[in-house]
Amino acid sequence: MPELPEVETIVRDLAPRLEGRTLRAPRLFKSDVLRRVSRRRLLETIRRNRIEEVSRRAKHVVFLFKSGHRLVIQPRMTGSLLVYDRRLTPEERRYVVLQAGLAGGGTFAYRDVRRLGTMWLLDEAAWRAYTARIGPEPLARDFDAAAFGERLTGTRQAIKKVLMDQRRLAGVGNIYANEALFRAGIDPSRPANRVGSEAAARLYEAVRAVLGEAIAAKGTTFRDYRTGTGRKGGFQFVLDVYGRGGEPCHRCGTILQTTHTIDGRATTFCWRCQAA
DNA sequence: ACGAGGTCCTGCGAGC
DNA sequence: TGCTCGCAGGACCTCG
């Protein structure tokens with residue numbers, strides 16, 4: 001499930017392979033992923049339109065075209081964006097949503113088994129409105145612990161839900177929210193406004209550290225996630241809590257618990273290390 | 001402003 | 001073996 005580190009990995013693979021190049025004969029196989037754009041306008045806009053830049057915003061991949069339009073793809077659960085230097089195999093062609101040849105050789109494909117992913121085509125003004133609705137990037141240099149505390153502790157919602165709220169903070173999803181809360185030793189269900197400034201500072205550091213380490217490991221592959229070149233990530237091997245319910249805590253040996261009481265999502269934690 | 005719950009989508013594993 | 005059912009979950013929506 002691509003969160004910030006996975007999308008960052010995808011973008012780092014895609015950017016050198018796509019920037020300065022042109023999509024040839026793009027084909028859209030499923031149109032239910034489109035948001036506020038018709039299939040026809042999408043294809044007409046991106047065809048023979050040079051890709052100037054591939055970047056990441058939160059969990060979204062952003063393709064900036066020479067025309068000034070941006071194609072924004074949110075892979076959500078099962079989406080993958082890939083560049084191949086060969087033809088796709090029949091197995092790889094399954095679940096392809098958008099595919100295009102590259103001028104000069106190669107193929108770009110967006111695959112998405114469940115198609116919970118979305119695609120937007122935005123002009124400059126629409127992009128500004130789009131990005132303004134999303135919270136700050138947690139790894140940005142100018143995003144400090146004070147800004148983090150200010151944005152995240154002003155509500156009595158559970159701190160885990162707040163961490164994952166894209167309007168408050170960009171890019172953190174279920175995996176890294178669980179991991180960061182474990183590292184910071186904070187009960188995921190604790191109301192955000194009852195997380196003290198010391199704990200909030202620990203959480204800020206934990207979020208940045210876990211995201212940075214996950215990027216270095218090229219993301220977490222549980223099932224579907226692949227890098228931009230089709231490889232699996234490596235962070236699944238070092239997770240402390242996510243997916244480890246019923247197993248012993250890496251720090252104290254207590255059996256980790258999983259609940260679904262926070263926003264209906266799987267939350268795994270150590271009641272001893274993350275005591276209220 | 002907040003919480004709860006529905007919706008989208010398909011594969012997979014459990015249970016009968 | 002073959003069926004149904006519930007779950008996975010991020011973002012968005014409505015309702016109370």
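Here is how names work: the chains are called A, B, and so on, in the same order as the sequence lines, proteins then strands, and each is numbered from 1.
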Of the listed nucleotides C:dA8, C:dA11, B:dC9, the one nearest the side chain of A:Met77: C:dA8
Is the shortest side-chain heavy-atom distance between A:Arg202 and A:Ile186 below 4.5 Å? yes
Specify the separation, in whole Å, of atom CD1 of A:Ile134 and atom P of C:dA11. 9 Å
Measuring only between side-chain heavy atoms, which start at C-beta, is A:Leu181 closer than 4.5 Å to A:Lys160? yes
Is A:Lys59 close enough to C:dA11 that one of its side-chain N or O atoms is under 4.0 Å from OP1 or OP2 there? yes
With a 4.0 Å cut-off on heavy atoms, is A:Tyr225 in touch with a base, just the backbone sugar-phosphate, or nothing at all? nothing
Presence of A:Thr155 side-chain N/O under 4.0 Å of B:dC2 phosphate oxygens OP1/OP2: yes
Hey, does the side chain of A:Tyr95 come within less than 4.0 Å of B:dG11's phosphate (OP1/OP2), counting only N and O? yes
In whole angstrom, what separates A:Arg114's CZ from B:dT7's C1'? 15 Å
Measure the distance from CE on A:Met119 to C1' on C:dA11 and round it to the nearest whole Å. 17 Å
Let me spell it out: for each of A:Arg94 and A:Asp263, pick the nucleotide of DNA chain B with the closest heavy atom. Which residue's pick is nearer the 5' end? A:Asp263
Under a 4.0 Å threshold between the charged nitrogen and the carboxylate oxygen, would A:Arg40 count as salt-bridged to A:Glu44? yes
If the cut-off is 4.0 Å, is A:His260 near the phosphate of C:dA8, judged by side-chain N/O to OP1 or OP2? yes
Are A:Tyr242 and A:Phe235 side-chain neighbours, meaning at least one heavy-atom pair lies under 4.5 Å? no
Separation of C:dC12 P from A:Asp165 CG (nearest whole Å): 10 Å
Whether A:Arg115 engages the ring of A:Tyr95 as a cation-pi pair (distance to the six-membered ring centre under 6.0 angstrom, angle to the ring normal within 45°) should be assessed. no
Going by heavy atoms closer than 4.0 Å, what residues in residues 2-13 of chain A are next to DNA chain C? none
Round to a whole Å and report the spacing from CZ of A:Arg57 to P of C:dA11. 12 Å
Are A:Phe63 and A:His69 close enough that their ring centers fall under 6.0 Å? no
Minimal heavy-atom distance between A:Arg21 and A:Gly105, with the atoms involved, is NH2-O, 2.6 Å
Distance in angstrom units between A:Arg223 CZ and B:dC9 P, rounded: 20 Å
Does A:Gln157 place a side-chain N or O at less than 4.0 Å from the phosphate oxygens OP1/OP2 of B:dG3? yes
What integer distance in Å separates A:Lys161:NZ from C:dA11:C1'? 11 Å
What's A:Asp112 touching, base or sugar-phosphate or nothing? Going by heavy atoms closer than 4.0 Å. nothing
How close or far is atom C1' of B:dC8 from atom CZ of A:Arg115, stated in whole angstroms? 10 Å
